[in-house]
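Note that this is a predicted model, so its numbers are computed, not measured. Reminder, nothing fancy here: chain letters follow the sequence lines and each chain counts from 1. Heavy atoms only: backbone and side chains are in, while hydrogens, waters and symmetry mates are out.
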Amino acid sequence: MSYKRTLITSALPYANGPVHIGHLAGVYIPADIYTRYLRLKGEKVIHVGGSDEHGVPVTIRARKEGITVQQVVDRYHNLIKDSFEKFGISFDIYSRTTSSIHHKFASDFFRHLYDNNKFIEQTTEQFYDEETNEFLTDRNIRGECPYCHSQGAYGDQCEKCGRTLSPDELINPYNAINGNSLTKKSTSHWYLPLDQYQEWLQKWILEEHKEWRPNVYGQCKSWLDGGLKPRAVTRDLDWGIPVPVEGAEGKVLYVWFDAPIGYISNTKELCDAQPEKYGKWETWWKDPDTRLIHFIGKDNIVFHCIVFPSMLKADGSYILPDNVPSNEFLNLEGDKISTSRNWAVWLNEYLEDFPGKQDVLRYVLTANAPETKDNDFTWSDFQARNNNELVAIYGNFINRALVLTNKYFNGQVPAQGTLTDYDKQTIEEFVNIKTQLEDLLNNFHFRDAQKEAMNLARIGNKYLAETEPWKLAKTDLQRTGTILNLSLQIAANLSIAFEPFLPFSSAKLRKMLLMDDVKWDRLGAIDILPQEHTLGTAELLFEKIEDAAIQAQLDRLARIKKENQLAAWQAPEIKKPTTIDEFDKMDIRVGTVLECQKVKKSDKLLQFKIDDGMGGRTILSGIAQSYPNPEELVGKQILFIANFPPRKMMGIESQGMILSAVNADNKLVVTTVSNKVQNGAQVG
RNA sequence: CGCGGAGUAGAGCAGUGGUAGCUCGUCAGGCUCAUAACCUGAAGGUCGCAGGUUCGAUCCCUGCCUCCGCAACCA
């Protein structure tokens, strides 16, 4: 397969929140590694990205926060763009779907298909809110479930009984956002008849792209086997790109129709701005010598492999994706990453907490990339990979080589004398690194490729350990020089090999080596640094990350988890009906805590001494785990049941039961009175 | 319900119809130039469960279990 240029796209992040490590691991780091790799090889390549700013969720968010939709997308577009820049995600252009170029382009794209009869028009009855003048999506309609009759079932599914529903089945449907009741209104939309592309897609994907990753291929096969149906490409909304057809007021292009067109319009924006550098946008999208690669997450497979190619095919003048490397998902500390639950490591926050450590996150996310299945990100793994791999293996090797050179050769590259058999054996181990890396990178195996690069540092450490130049320096300075020369050549190789993965560190290393140029072709060579070349100032390539920094992150997550638990809490169901007579049998009293301490050898029991106004009593209560400092209860007036029969626990007699509330986190909270009352006062 | 992906050493992950691998962690030894880093070696697995095909299955087939996605502000 030969090609002249490569067009790389990264999934457009939705401008409804900051980006997090899942986005980075799933899409942007692999895309960036691949882009940097091709650039390093001197190939023609552009990397196109941008924010997806249409669709319903941004409008909901704006309404919730009382700001305009434009303000929402501006805020997050800028935040996202800034995060990408700081992490070195090297886009040639990062634009947005609200740009005027995109609006015009997407509009023209639609119109062109429309004029060529590529759409079918269908009229359906849909639920409508007369007050807000809007049609509702299935998910925003709620009502009574027709099967289990629970309230609040969604238009697509009942949470209670799990049945799949359609909005028509709901009893008394209402708007989930404002509670308004709904009426039915007919509306017409344009559909892309995917069924007409079925046969063509089957041949194109199932026969001609068997090399796609199993998850991608399998997902496509599943959709194709199920039979494709026409898919709506317009929506009744006021936020988006107006449908460029007479009489289509109030309708916009469906966000999934306009977003991928953003890849094209952003390319156009780039090329129009710098035609001398990038040429014509059509070259990137219509010349069969261009190779198109989409980097996406697994939730986007169907749109990039089925829908968008069908759109391009419908137009007829575009090339199609050559590969769609899709990653699975990254979890965080065992739980699914979630924007709404704030369960994420946000890039903007990471940059504040770990300034200058972008490469550490890049390294960890690549080392543990979810290439074949969902993976887990943990902070302890993050720390371990930094301290044990980046610092101990890579950084340490560089430091050893430089310190030794400074010590014995005043920071000048010594001459490479006669090579011993062991030298040759070592060279043999990494001379093929270029081919190995290329094989892995060409096939999108970034995790393995990075491991291969790290292996070079291991080879370096081993070489120093075996040859022991610090000993030889006393007897044979010439041999010492050869060893250090070779070590420095390995260091120079490392800066090239890691360039796609850890661009900031590679630049830093080149500065330390005063190595001005980096060429992929030189990878594997042992004469990158010339004899007597003067090295720059040595500094540490990576720094250790202390436990305290990791603990701070874990504490933050624990706090969020607790907040979520409280937010998600629902009151338990009311018990069976009882009577006032039953209640009256309980003699509930107020008493003041005189003493409170843990019962020895018990995990759960606290021993209370209570002033009950009748000479005092001892009560045991199983709440020790909720009160690590029991003395804080001393002096409080609490409620207790006074007429339970005494009961021995852990050898102590308990004369009653203290009343506690069970909180959302299952912690028990002792009940008390709002004003001071006499001890022994009755409650009823 | 269905469809797709996944389940392999304490942790995180590769891999293959024929002796099960990598990184980290653990343990032992070596080294001391280096950010107490580095090097060598060892221990540690009925490859989710149950059947089947095969001379032989972790791999292929069937069934089941669990997790994730398709499908709620998600890459």
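Side-chain N/O atoms of A:Lys544 include none lying less than 4.0 angstrom from OP1 or OP2 on B:A36. Distances shown here put every side-chain N or O of A:Asn399 at or beyond 4.0 Å from the OP1 or OP2 atom of B:C33. The side chain of A:Arg458 contributes an N or O atom lying less than 4.0 Å from OP1 or OP2 of B:C24.
Aromatic pair A:Tyr263/A:His304: centroids less than 6.0 angstrom apart. In this structure, A:His77 has its ring center closer than 6.0 angstrom to the ring center of A:Tyr94. With ring centers used as reference points, A:Trp346 lies 6.0 Å or more from A:Tyr76.
Using a 4.0 Å heavy-atom distance criterion, A:Ile296 is classed as a sugar-phosphate-only contact. Note on A:Asn387: nothing from the nucleic acid sits closer than 4.0 angstrom, heavy atoms only. Residue contacts shown for A:Lys407 are limited to sugar-phosphate atoms, with no base heavy atom under 4.0 Å away. Across all strands shown, A:Ala11 has no heavy atoms under 4.0 Å from either base or sugar-phosphate atoms. Looking at heavy-atom distances under 4.0 Å, A:Glu466 makes contact with sugar-phosphate atoms alone, never a base. The residue A:Ile393 sits close only to the backbone: its heavy atoms come under 4.0 Å of sugar-phosphate atoms, none of a base. Among the protein residues, A:Asn327 comes within range of no part of the nucleic acid, since none of its heavy atoms lies under 4.0 Å from any strand. As judged by a 4.0 angstrom heavy-atom cut-off over every strand, A:Asn331 is placed among residues making no nucleic acid contact. Nucleic acid contact for A:Asn461: sugar-phosphate only, since backbone atoms but no base atoms lie under 4.0 Å from a heavy atom of the residue. Contact annotation for A:Val403: backbone-only contact, meaning every heavy-atom pair under 4.0 Å involves sugar-phosphate atoms and none involves a base. Residue contacts shown for A:Phe542 include a base, since a base heavy atom lies under 4.0 Å away.
Which of B:U35, B:C31, B:G5 sits closest to the side chain of A:Val391 comes down to B:U35. Here B:G5 is the nucleotide among B:U32, B:A75, B:G5 with the atom lying nearest to any side-chain atom of A:Glu328. The listed nucleotides are B:U23, B:C39, B:A75; the one nearest the side chain of A:Asp299 is B:A75. Checking B:C39, B:C13, B:G69 against the side-chain heavy atoms of A:Lys373 singles out B:C13 as nearest. Set against B:A75, B:C33, B:C13, the side chain of A:Trp470 has B:C33 as its closest nucleotide. In the set B:C22, B:C70, B:C31, the nucleotide with an atom closest to the side chain of A:Lys471 is B:C31.
As rounded to the nearest Å, B:G56 and B:G52 have P atoms that lie 12 Å from one another. B:G25 and B:U40 are spaced 14 Å apart, taking the P atom of each and rounding to whole Å. When the C1' atom is compared between B:A37 and B:C24, the two are found 16 Å apart, to the nearest whole Å. For B:C60 and B:A6, the P atoms lie 10 Å apart once the distance is rounded to whole Å. Between the C1' atoms of B:U8 and B:U58, the separation comes to 7 Å (whole Å). Rounded to a whole angstrom, the distance from the P atom of B:A57 to that of B:G15 is 22 Å. B:G10 and B:G5 have their P atoms separated by 28 Å, given to the nearest Å. Taking the C1' atom of each, B:A75 and B:G17 are spaced 36 Å apart, rounded to whole Å.
At most 12 non-hydrogen atoms from other residues, nucleotides or ligands lie less than 6.0 angstrom from CD of A:Gln478. By the 6.0 Å contact criterion, CG on A:Asn442 is enclosed, its count of non-hydrogen atoms from other residues, nucleotides or ligands being greater than 12.
Each of A:Tyr350, A:Phe504, A:Phe354 was checked for a side chain to side chain contact (heavy atoms under 4.5 Å, CB included) with A:Val360, and the lone residue meeting it is A:Tyr350.
B:G51 and B:C61 make up a base pair, with Watson-Crick or G-U wobble contacts both under 3.5 Å. The partner of B:A75 cannot be assigned: no Watson-Crick or G-U wobble pair with both contacts below 3.5 Å exists in any strand. The partner of B:G41, taking Watson-Crick or G-U wobble pairs whose two distances both stay under 3.5 Å, is B:C27. Figure legend. B:G69 is base-paired to B:C3; pairs are counted as Watson-Crick or G-U wobble with both atom distances under 3.5 Å. Base pairing annotation: B:C13 forms a Watson-Crick or G-U wobble pair with B:G21, both donor-acceptor distances under 3.5 Å.
Mapping A:Asn388 and A:Asn215 onto RNA chain B via the closest heavy atom, the residue that lands nearer the 5' end is A:Asn215. Of the residues near RNA chain B, A:Glu389 and A:His20, the one whose nearest nucleotide (by heavy atom distance) lies more toward the 5' end is A:Glu389.
Looking at A:Asp258 and A:Arg235, no side-chain N of the basic residue comes within less than 4.0 Å of a carboxylate O on the acidic one, giving no salt bridge.
At least one test fails for A:Lys210 against the ring of A:Tyr217: distance under 6.0 Å to the centre or angle within 45° of the axis.
Straight-line distance from the NZ atom of A:Lys336 to the C1' atom of B:A71: 9 Å, rounded to whole Å.
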